[in-house]
Amino acid sequence: MKRFWADLHVHSRFARATSRNLDLEHLALGSAEKGIQLVATGDCTYPAWRQEMKERLYAEGNGLFRLKPEIERPLMATLPSGCQKEVRFIISGEISTIYKKGDKTRKVHHLVYHSSFDAADRFAEKLAKIGNIVSDGRPILGLDSRDLLEITLESGKDSWLAPAHIWTPWFSALGSKSGFDSIEECYGDLASHIFAAETGLSSDPEMNWRVSSLDRYRLISSSDAHSPAKLGREATLFSCEMGFQPLRHALETGEGYVGTVEFFPEEGKYHADGHRNCHIRLNPKETLALDGLCPVCGKPLTIGVAHRVEMLADREEAIPPATAGEVSSLIPLPEILGELLGVGSTSRKVAERYTESLRVLGSEMAILHHVPLEEMQAIHPLLEEAIRRLRAGKVIRQAGYDGEYGVIRLFEKEEMEKLTKGGLLFPVTEMVKPSRRPITKTSLPSDDNRAFQASPNLPNVDREDLARDIPNYPMLSTLDSDQKAAALITDKALMVLAGPGSGKTKMLTQRIAHLIQKKAIPAEKCLLLTFTRRATDELKARVKQLLPETESPPIIHSFHSLALDMLKKDSKAFGLAADFRIVDPQSLKKAFMEMSNLSSKRADEALERFSLLKKSGEVGDLEEEILRQSLENLKQDNHWLDFDDLLIKVVNGLENNASLREKWATAFSFLSVDEFQDIDIWQYRLVWLLTGRNTQLTVIGDPDQAIYHFRGADSECFTRLQQDFPEIVCRRLNRNYRSMADIVAAANRIMPENKGQALRGQGDKILLYLASDEADEARFVVQKIEELMGGHDMLTAQNGKNTAKSQETAFGFRDFSVLYRHNFQAKAFEKAFNQAGIPFRKTAPIPITCHLAVKAFIEKIEQSPQETLQDRLIVLKNITTELAQENQGEEAVLSPADREQAYSWLKIIAEKSGQQSHTFFLEQIALANEVDFHDQRGDRVSLMTMHASKGLEFSAVFVTGLEEENFNLHHQPDNPTEIAEEKRLFYVALTRARDYLFLSYAKKRFIYGEYQKQTTAAFLNLLKDMLVTETPKKRLFNDRKAQYSLF
DNA sequence: GTCTGAGAACTTTTT
DNA sequence: GTTCTCAGAC
């Protein structure tokens, strides 16, 4: 079988910091020049690159691809005859995963391979749900390595994955900085699907052979080329048939695998340990003897790759395992020529001689490996000797360290001088290899001194409480005294005023679990009411954790879903048509606009106004009322209900029908309402109606966090409740388990009435950033996130004790949240995050019905109602085909991507709807938001409005846009209700933070097409003395360049 | 009625 | 910068 070289790791021009001419043609050309016959496509998740591949490549039928003949033929003709060998492509890509696992932030790069465009498409489609795959050819995803492997395996039957450059400290499976101690640990239960690992430029197989856990992996070497010139600088040699399967088989079994060509690892920038500035270069043993400290400056040394090998090594000598292949080391021909000519390897002289070499001698691999030595004379008198020494491994190595490139030479300086003067060659002095002697293994620095933990410890005082408290309630065992006292009140109406981070959800869930378990209250008699679907989901999840599997869970609803459920169950009694359904706001608006001839904006205004009128019971002017009535008629004719109707119909129905009311007032014996401060009058009435003689009512909330007054929330609800339930017991939870003391202190400044009690450590000072504009503000956020995730701080030594304080906590993307007052402020952050490759999730609820394609589907679904899942799926498939036919050629309204997107959403909804009715299915579509479909495995930074952040918490929170203009919307400086609500909103925002709180405002902001001067929000003055302020730094690089170094 | 251009107003927060 | 409105011209 003929041997061939493969370069299995390259990039396209769509990856960051790559050459602009990295297209398929240049990849083929470059490979041919180097003598590479199989080259990776790279970047296979990038849509435009995949498109290019589909246009220019054809499948050979063996899982590999080749340039179409009409492209390849003229291309190859431009090459010297010795290089004219066909080049195959293998579909591949590199994925960077960044996530938190254990107590470390992990950053691992992976290589994936697919044998068809289908598999690559599926793979990309799945990753698109996890994060952003269009901002970079090598996407950064907040995804566990194991999950990435799973997605790879699901994408195609023979798709495979290998960890990339496994020893690089910052981004690899075994990296000292952010990796694991073994490949198995990295990929968890799926690790058995890994059969190959890439060694990377700064390690060679010999280093790997010291680590027995790597014995089972076949090693591959590749160039990781960012430009055509770098292709094939490392490569893997095969002797199998040319094909995807044979290649995979070779790596799995060794059959057809020959070995690798490597750089001399010493050439890498971080091979040895040391300090560049102090001119100290050490081998790992020397470093250990010095306790990792620099003998010159006393600071921790920068640890190199060789050191990490020592740490994980469990063999004293490098013993080739059974999987080992042949290994040869090389120096790129341009470097050799540079040395011989006494010029730089990128000089024109070298380039000329290089071209000449290819013409006369053949491809670079051939020259370096097997072109007969005597032919070298034609190029340079010393090339023969140079290549002889290279092939014999007799080279001079100076290891790189602390960012300084290593130097590999073939001739000593003096020797070179003599030789060029025509002197005789003399034997090369034996090069001293870097120490391979055994070194005492040291353990990794422990992370035990972390300043805090994710789950708060109870203060001592409460531990005592627990000891003497009624011991018999295991369900309540982790509650503090106040929480427990509240939880145990079950015979009277209860009102709990709970400050931020006081553990109210914990109290609530444990209480319910306790009731169900200990008091034997039937779960279906317990009702928990929330405002949002998200809160509902969270409560469900947390209750589920508390209750044993066998126990049925309590009923958990949002107000609206409860109302819908009630209307469904008793539609007749509520006076509704049996086939009523919720109309999604888009459809309603559309119908309303058609009916009324109003503009989009006016229609929005009218609908909003009607909603307020309806909720408050007020009456508008005559004209309004006429329009409103026709809207009501429109809904009636279509059997539509909007969100407001749900509650109003239920309340009116119960109030007007005694037996119906009796039924529902006895339906639940325990009724708990969360976030009570945001309740509106209809919700209040519903609660009242559901509370019968034997219903125990519990409400939980925080008046300081009331932020929905504008929407009709009734700020007097707590007072009113006390009037309606004179018996009610009121409890306060003021301990703040969530936030560091400085954050609690800031919150107390804003709301001095109800001071929270800080229980955690002091924490960092709150930082206030004075951004010059919104782009600068976004840049600040990006930079802070990177800093906290330990992105690129090359000077932080792995075992140093002086690591940045950010190293105390490991961060995943989900630990960060960026909050703003208005949705439009998200734009600057989205842009900056995309540029930096930080995955984010914007939780602005965009209904999927906003999409034309979804609307097109809905129209057709309505025409063909189905009642079973199977039929529904068939209909969806048919519609897809129909829409594809309707959208051909120039006239197409919907792109294939739009259609596929809509189809995949609707399919998921159909599957979730199961055998439910047609109207239920349509309702689910109407209510679905884009965010509902994000793959939960994806770890992302959250972007959301301050309102949306209610009830959430994050390790690090950025409260942005703190300008008066953002908070004083009607420019009425003396509207006390509004000012108070905005202040509460700010309070909600800053109390979301657990560990780090960053505030920022912009001096000017681009609004309405021009920069507008902004003024600092008034309430920031309250915090003045407790903030550390930071101002924009002068930036040395332009944006784009600066971005390249990150992650 | 329909077209055009100038000028005004504008982007809250959501089940 | 965009969208909408209104007045005035056709």
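Chain naming here is simple, since letters A, B, ... match the order of the sequence lines and numbering starts at 1 in each.
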| message | Once you apply a heavy-atom cut-off of 4.0 Å, does A:Phe531 come out as touching a base, just sugar-phosphate, or nothing? | response |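 Contact class for A:Phe531: sugar-phosphate only.
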Select base, sugar-phosphate, or nothing to describe what A:Tyr708 touches, counting heavy atoms under 4.0 Å on all strands.
sugar-phosphate
Does B:dT12 have OP1 or OP2 sitting under 4.0 Å from an N or O in the side chain of A:Asn823?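 No, A:Asn823 has no side-chain N/O under 4.0 Å of OP1/OP2 on B:dT12.
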Compare side-chain N and O positions of A:Thr945 against OP1 and OP2 of B:dT14 and report whether any pair is under 4.0 Å apart. yes
Choosing from [options], which nucleotide comes nearest the side chain of [X]?
X        : options               : answer
A:Ala948 : C:dC4, B:dT14, B:dT12 : B:dT14
A:His560 : B:dT13, C:dC4, B:dT15 : B:dT15
A:Phe643 : C:dC4, B:dT12, B:dT15 : B:dT15
A:Arg602 : C:dT5, B:dT15, B:dT14 : C:dT5

- Query: With under 30° as parallel and over 60° as perpendicular, where do the rings of A:Tyr996 and A:Phe998 fit, or are they tilted in between?
  - Reply: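 The arrangement is parallel - the two ring planes meet at less than 30°.
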Roughly, in whole Å, what's the span from CZ in A:Arg711 to C1' in B:dT15?
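Result: 6 Å.
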* Would you kindly say whether A:Asp644 and A:Trp682 are connected by a side-chain donor-acceptor distance under 3.5 Å? => no
* **Polar side-chain atom of A:Glu963 near backbone of A:Ala1002 as donor-acceptor pair, under 3.5 Å** => yes
Classify the side chain of A:Arg821 and the base of B:dT12 as holding, or not holding, a donor-acceptor pair under 3.5 Å.
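Flag set: donor-acceptor pair detected.
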Using the P atom in both, what is the distance from C:dT5 to B:dT12, to the nearest Å?
15 Å
Subject >> Lys/Arg N to Asp/Glu carboxylate O, A:Glu953 vs A:Arg994, below 4.0 Å >> reply: yes
